[in-house]
Amino acid sequence: MHAKSYWNPYLAGALLGLTLLAAFLVAGQGLGASALPKRAVAMAANAVAPAWTADNVTLGRYVAGPAHPLKDWLVLEVVGVVLGGFIGALLAGRFKATVEKGPNITVRGRLAYALAGGVVMGVAAGLARGCTSGQALSGGALLATGSWAFMLMVFAGGYAVAYFVRRQWI
Amino acid sequence: MIAPFPIAFGSEEAFLLSGLVIGGFFGFALERGGFANARKLAAQFYLYDMTVFKVMFTAIIVAMAGFYALAGMGLVDASRMWINPTFLWAQVIGGFLLGVGFIMSGLCPGTSVVSMASGRWDGAVTIAGIVIGTAVFAAAVDVFPWLEHLYEAGGEVSILPTLLHLPPWVLVLGVVAMASGAFIGAEKVERIFQAKYGMIELTPEPTRRMPQTRLALAGTLAGVVVVSLAFKTGGAVTAPAPMAAIAPLDVAEAIIARDPALVLFDLRADRTPRGIPGARPLDDSTAAAVLAEVPANARVVLFDEDGTRQVTATGWPGNVSYHYVRGGLAAWRSEVLAPVAPEFDLESRAAAERQRMMGAYFSGAGAVAAPPPPARTGGAAGGGGKKRSGGC
C-alpha cells in the first residue's frame with residue numbers, strides 16, 4: 001500500500017490547536033508527554049526505595065498521595081497519544097518497523113544518537129518541569145512567561161548543535 | 001454566564017477516559033503532521049522543512065486565541081486554569097538542553113511516542129533514553145544541592161500580559177501577527193534551503209507546495225481571532241492573582257512563635273496523611289465563607305500536597321494577605337521534618353541548625369509543647385481540586 005502524503009501543516013496544526021483547547025476546557029490543563037516517564041520512574045523507584053522516593057524533590061509528589069502514581073489524567077492522555085498515533089499511521093499506510101535516518105549514518109549510529117538524545121531530554125524535561133508538549137505548546141498557548149523562555153531556548157539549543165550532528169540527517 | 005470549567009466529571013474514571021480521548025486526537029494530529037518521522041522533525045534545524053514551526057505555532061495561536069477569547073467573553077473562569085508556573089532559569093537551561101537532545105534524537109518526548117506508535121525503532125530507543133534521563137535527573141538533584149536550588153528557584157505564576165502590562169488581546173493579536181509573518185518567512189526559507197540541499201526526499205513524499213493555500217489558511221486563522229476578540233464583552237482576563245510563596249521553615253518559625261496573624265489552611269482533598277499542625281481544611285466551595293471569619297490583617301497560609309495546586313483569591317476577603325507553602329506538604333516533610341545530614345559546610349551550618357531545631361520541635365522531641373492538632377471538621381468535603389501534576 002502506497003503511503004499517503006502528510007496533511008498540510010497548517011491543517012494539522014489547527015487540529016492540534018483544537019485538541020489543546022479541548023484539553024484546556026475539559027481538564028483545566030494542557031497536554032503533556034513527559035509525565036508518563038516521570039511517573040513510571042517514580043513508581044519503579046517507589047518499589048525499590050520508598051523512603052528515598054518520597055524525599056526526592058522530583059519524584060516525591062507522585063507517590064505522596066494514596067492514589068497509584070499512574071492513575072493520572074496525563075498518563076491516560078499519553079496512552080491516547082500511542083493509540084492515536086498508531087491509528088493515524090495505520091490508516092495512512094505509514095506504519096512500518098524501520099529506523100528513520102539520513103543516508104550517511106549506520107542504523108547503529110543513529111540508534112546511539114537517539115538513545116543519547118533521549119537521555120539529554122529526560123534530564124532537560126526533569127529540570128524544566130515539562131517538555132515541548134507541556135511547556136512550549138501548552139504553556140505557550142496560555143502565554144506563560146517561563147514557557148515562552150523555554151520554547152525560545154529549545155529552538156536555540158537545536159540550532160546551536162545542529163551543525164555538529166548534521167551527518168546524522170543530511 | 002460562566003460555563004462549568006473545568007468540567008466536573010461524575011466519576012474519576014470518566015475524567016481519566018477524557019484524557020485517553022483527547023490524547024488520541026493529540027497523537028493523530030501529530031502523526032498526520034508528519035511528527036512521527038524524525039527526519040522530518042530534524043529538518044526544522046537545517047531549514048529545508050519548517051513543518052515543526054508551522055504546526056506548532058498554528059496550534060499555539062488556535063488554542064491561545066480560543067482560550068483567551070472564551071475567557072474574555074466571560075465564558076470560562078481563567079483563574080481556574082492550571083498555568084505553568086515560571087521557574088525561569090530551570091526553564092531556560094532545561095529548554096536549551098531539550099533542544100540539544102531534540103536534534104540528537106530527532107524527536108522530542110511527545111513525538112517519540114508517536115514515532116514508536118508508527119513502528120519506528122528510533123522512537124522506541126528515544127523513549128528508553130528519556131526514562132533513563134528522568135531517573136538520572138531525579139538522582140542528580142539529591143547529589144548536587146546547587147541543582148536542587150536551580151530546580152526549585154521560582155514558582156510564581158506569571159503570564160506575559162501581566163508581565164508586560166498589556167491587555168491579553170493585544171498579546172494574542174501580537175503573537176498571531178508575528179506567527180503569520182514568520183509563516184511567510186518560513187515558506188521562503190524552505191525554498192532557499194531545499195534548493196541548497198537538493199530536494200531531500202522524506203518518506204513519504206511531502207505534499208506539493210501550495211504557498212497560497214497555506215497563506216490563505218494563516219490569514220483565515222488571523223481573521224477568526226480578530227472576529228472572536230471583537231465579541232469581547234469586557235470580562236477581564238486576569239492571571240491568577242500571584243500569591244507569594246513562603247518557605248516551609250518560615251511557616252514552622254511562625255507556628256513556634258505563635259504568630260497571632262498566622263492562619264493555616266489545608267487544601268488537600270484527602271487529609272489522611274497528617275498535614276502541617278494547626279491547619280484547618282479549606283475547599284473551593286466553602287472558601288469565601290470560611291475566610292470571611294478570618295480576622296482582619298491575618299496572614300493566611302495555604303498548602304497542598306506538593307505546591308502545584310493553584311488557588312486564586314477571587315472573591316476572598318481583601319484585607320488579609322495570602323501565601324502558599326512553597327513545595328507544599330512534600331517540602332514541609334523534606335525541609336522541616338526530615339533529619340538534617342551532619343556534613344554541612346560552614347556556610348550552611350546555620351541553616352542546618354535551624355532545620356534541625358524545627359524538625360525536633362515538630363516531631364515532638366523539642367522541649368516546647370506541641371501546638372494543637374489539626375482541626376478536622378467533617379469528612380473531606382467536595383472534590384474541588386483535582387491534583388495537578390507539573391506540565392508534561
Side-chain angles (χ1 to χ4, degrees), chain A residues 3 5-7 9-10 12-13 15-17 19-21 28-29 32-34 37 41 58 60-61 64 73 76-77 80-82 84-86 88-89 97 100 114-115 117-124 126-134 139 141 143-146 150 153-154 157-158 162 169, chain B residues 6 16 19-20 23-25 27-29 31-34 38 42 45 51 54-55 58-60 62-64 66 82 84 86 91 94-101 103-105 108-110 114 117-119 122 125-126 129-131 133-134 137-138 158 160 204 207 217 305-306 330 390-392:
Chain A
S5 292
Y6 294 121
W7 279 7
Y10 300 107
L15 178 64
L16 187 55
T19 306
L20 180 56
L21 184 59
Q29 64 180 25
S34 47
V41 167
T58 70
R61 76 189 73 155
W73 193 86
L76 268 291
E77 180 254 0
V81 172
V82 176
F86 176 69
E100 297 291 349
L115 185 70
V119 173
V120 173
M121 288 192 291
V123 170
L127 178 60
R129 297 165 198 257
C131 60
T132 18
S133 314
L143 296 174
T145 307
F150 176 87
M153 292 309 288
V154 169
W169 305 113
Chain B
L16 293 175
L20 191 71
F25 278 97
F28 185 83
E31 202 285 329
R32 286 296 141 108
F45 296 102
T51 301
K54 290 187 252 180
V55 171
T58 309
I60 285 177
V62 167
M64 171 190 66
W82 188 88
N84 309 54
T86 294
Q91 282 165 315
F96 189 87
L97 273 180
L98 199 125
V100 171
I103 190 59
M104 286 170 72
S105 131
C108 65
V114 186
S118 69
D122 43 330
V125 169
T126 301
I130 292 169
V131 172
T134 304
F137 180 73
S158 161
L160 293 174
T207 42
L217 255 168
E305 287 94 348
D306 50 16
C392 89

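All of these numbers come straight from a predicted model, not from anything done at the bench. Reminder, nothing fancy here: chain letters follow the sequence lines and each chain counts from 1.
- Side-chain atoms of B:Asn84 come within 3.5 Å of backbone N or O of A:Gly134 as a donor-acceptor pair.
- Interatomic distance, B:Leu20 CG to A:Leu76 CG, rounded to the nearest 0.5 Å: 5.5 Å.
- Of the inter-residue distances, the one linking B:Arg32 atom CZ with A:Tyr6 atom OH reads 10.5 Å to the nearest 0.5 angstrom.
- Atom-to-atom distance recorded for B:Phe28:CZ and A:Phe86:CZ is 13.5 Å, nearest 0.5 angstrom.
- When all heavy atoms of B:Thr126 and A:Ala114 are compared, the closest pair comes out as OG1-CB, 3.6 Å.
- No donor-acceptor pair under 3.5 Å is formed between the side chain of A:Arg61 and the backbone N or O of B:Ala330.
- Separation of atoms CG (B:Asp122) and CG (A:Leu115) is listed at 12.0 Å; rounding is to 0.5 Å.
- Minimum interatomic distance between B:Ser158 and A:Thr145 (heavy atoms only, all atoms of both residues): OG-OG1, 2.6 Å.
- Formation of a donor-acceptor pair under 3.5 Å by the A:Thr132 side chain with backbone atoms of B:Cys108 is not found in this model.
- Smallest separation of non-hydrogen atoms from B:Leu97 and A:Ala124: CB-CB, 3.6 Å.
- The line from OG1 of A:Thr58 to CZ of B:Phe137 is 6.5 Å long, rounded to the nearest 0.5 Å.
- Heavy-atom distances place both the backbone and the side chain of A:Val119 under 4.5 Å from chain B.
- A donor-acceptor pair under 3.5 Å links the side-chain atoms of A:Trp169 to the main chain of B:Ile103, judged by distance alone.
- In terms of heavy-atom proximity, A:Met121 sits nearest to B:Pro109 at SD-CD, 3.8 Å.
- Between chain A and the options B:Val100, B:Val131, B:Thr51, B:Val114, the largest number of non-hydrogen pairs under 4.5 Å is found for B:Val100.
- Using a 4.5 Å cut-off between heavy atoms, B:Ala38 contacts chain A through both its backbone and its side chain.
- The two residues B:Thr134 and A:Pro37 have their closest heavy-atom pair at OG1-CB, 4.0 Å.
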From CA spacing to verdict: side chain to side chain contact (heavy atoms under 4.5 Å, CB included), A:Phe150, B:Leu98 = CA-CA 9 Å; A:Phe150 176 87; B:Leu98 199 125; 4.2 Å; yes
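- In terms of non-hydrogen atom pairs under 4.5 Å with chain B, the most contact-rich of A:Ala97, A:Ala128, A:Gly84 is A:Gly84.
- Each of A:Ala144, A:Gly118, A:Ala12 has some count of heavy-atom pairs under 4.5 Å with chain B, and the biggest count is that of A:Gly118.
- Counting heavy-atom pairs closer than 4.5 Å to chain A, the top-ranked of the candidates B:Ala29, B:Gly33, B:Gly129 is B:Gly129.
- Expressed to the nearest 0.5 Å, how far CE of B:Met64 lies from CG of A:Leu21 amounts to 11.5 Å.
- In this structure a side-chain-to-backbone donor-acceptor pair under 3.5 Å is missing from B:Thr58 to A:Gly13.
- A:Gly17 approaches B:Ala63 most closely through the heavy-atom pair O-CB, 3.6 Å.
- Per-residue counts of heavy-atom pairs under 4.5 Å with chain B were compared for A:Val120, A:Val154, A:Val82; the largest is that of A:Val154.
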